Amino acid sequence: MLNSRNIRNDFPIFDRLVHGDKRLVYLDSAASSQKPQSVLDVMDDLYQKHYANIHRGIHALAEESTALYEAARKKISDFVHVPDPAQMIFTRNTTESINLVAYAWGRKFLKAGDHILLTRMEHHSNLVPWYMLAEEKDVKIDFAELDEQGLLDLEHFQKQLGHQPKLVAFTHMSNVLGVINPVKKMTEMAHQSGATVLIDGAQSVPHLPVDIQDIGADFYAFSAHKMCGPTGAGILYGSKKLLNEMDPFLGGGDMIRKVTYDGFQPNDLPYKFEAGTPAIAEAIGFGAAIDYLHGIGMEAIHSHECHITKYAYAALSEIAGLTILGPGAEKRGGVISFTLKDVHPHDVAQILDSQGIAVRAGHHCAMPLHQKLDIPASTRASFYLYNDEADIDALVLGIDKVKRIFG
Ligand code: PMP
């Protein structure tokens, strides 16, 4: 078991109080996680001792910055078991990674009448880029349904593969239902029908051991800021074959091998997709976040979150009028979204906030899923390595107070 109290000592933000004298109970890591001191130090150190633009200068600082940036890429690829760091494209976040594929792969390889298969539990990041593409290319979008528990209906998924989609894109873990999808099996099923597979790993890589090679996806996207790293850095993993076949996404410096007055030749992977000066400090901070998580161990983090989730699920299930969205505790990661009878989620969140408890209220960038569940919004508590039972006890007491205020 992790000692979350000791872990909180690594995160300076937990030294502060909120609303005067309230202990910070941070239950919003699915939106963005807090940052350990080691990540802040590495970024500071870069700016104070090594900073220069990368890949261009022939001077000591440029070489040091470049080495640190490329070392971060290698750490991230090792973390998700990708043997060649050239397959790891630095982007700003998961959203940009998915848009990169929609733009550079979708626009080149999809044509009118082709199908894309998504699921009913996708985040807007894995919906809107495909809607934009569908509008432009007259591509048809299909959805795999969920069962009554909120788990993906694999039979329906198989049925929808009958449309022979060119692309199948799905989340590894739902940011609303907490459901962890059987991504390896889904990838195999999709590949058998001849589709290319993209996985949204925004909620999985921060919380579970993930082996992208073993899963076998063609594209896999995730963000640093949800895994103890800074904002502004994300990753798109791609199969070498597809990345090589795709045209560049953005044009400019660094993504070229040669430019003349007549045209250009794109650079090798991964630089072909990294135009302009990237988020250098953020990428290096991402590497430090990987060191931090690796030091604790992803198995340990996952089992801690399973424990906390079970504890929270049991406690929240006892509260009259509270309905948890999605399946039982044993089938989900560290996310619990719920509704409270006759109280709007914004009111729930506001009253919790007044007690120092940070949760999220709204549609969590999954409006269609909320429409499907026939609710306008929900309240979401999400857990990470620094949360413990005391945080859940505070949440339960906080919800009690909400109920008292609303009679
Ligand atoms: N997919 C899922 C499942 C998410 O939870 C999120 C973040 N809420 C995203 C994609 C988008 O991540 P980002 O904002 O870092 O691009």
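Because the structure is a prediction, the values reported are computed rather than measured. The first residue of the sequence shown is numbered 1, and numbering continues consecutively from there. Hydrogens, waters and symmetry mates are skipped; everything else that's a heavy atom, side chains included, is used. Atoms within each ligand, like the ligands themselves, are counted from 1 in listed order.
- Residue Phe249 forms a ring-ring contact (aromatic ring centres under 6.0 Å, His included) with just one option from Phe90, Tyr103, Tyr271, and that option is Tyr103.
- By the 4.0 Å N-to-carboxylate-O rule, Lys372 lies close enough to Glu145 to be salt-bridged with it.
- At a 4.0 Å heavy-atom cut-off, the residues surrounding ligand 1 are Asn93, Thr94, Thr95, His123, Ser125, Thr171, Asn175, Asp200, Ala202, Gln203, Ser223, His225, Lys226, listed by chain and number.
- Heavy-atom neighbours of Arg73 CZ from other residues, nucleotides or ligands within 6.0 Å: above the threshold of 12.
- Taking a cutoff of 4.0 Å between a charged side-chain nitrogen and a carboxylate oxygen, Asp388 and Arg8 qualify as a salt bridge.
- Side-chain contact between Asn181 and Asp200 is absent, with no heavy atoms from C-beta onward closer than 4.5 Å.
- A salt bridge links Glu136 to Arg107: one of the charged nitrogens lies within less than 4.0 Å of a carboxylate oxygen.
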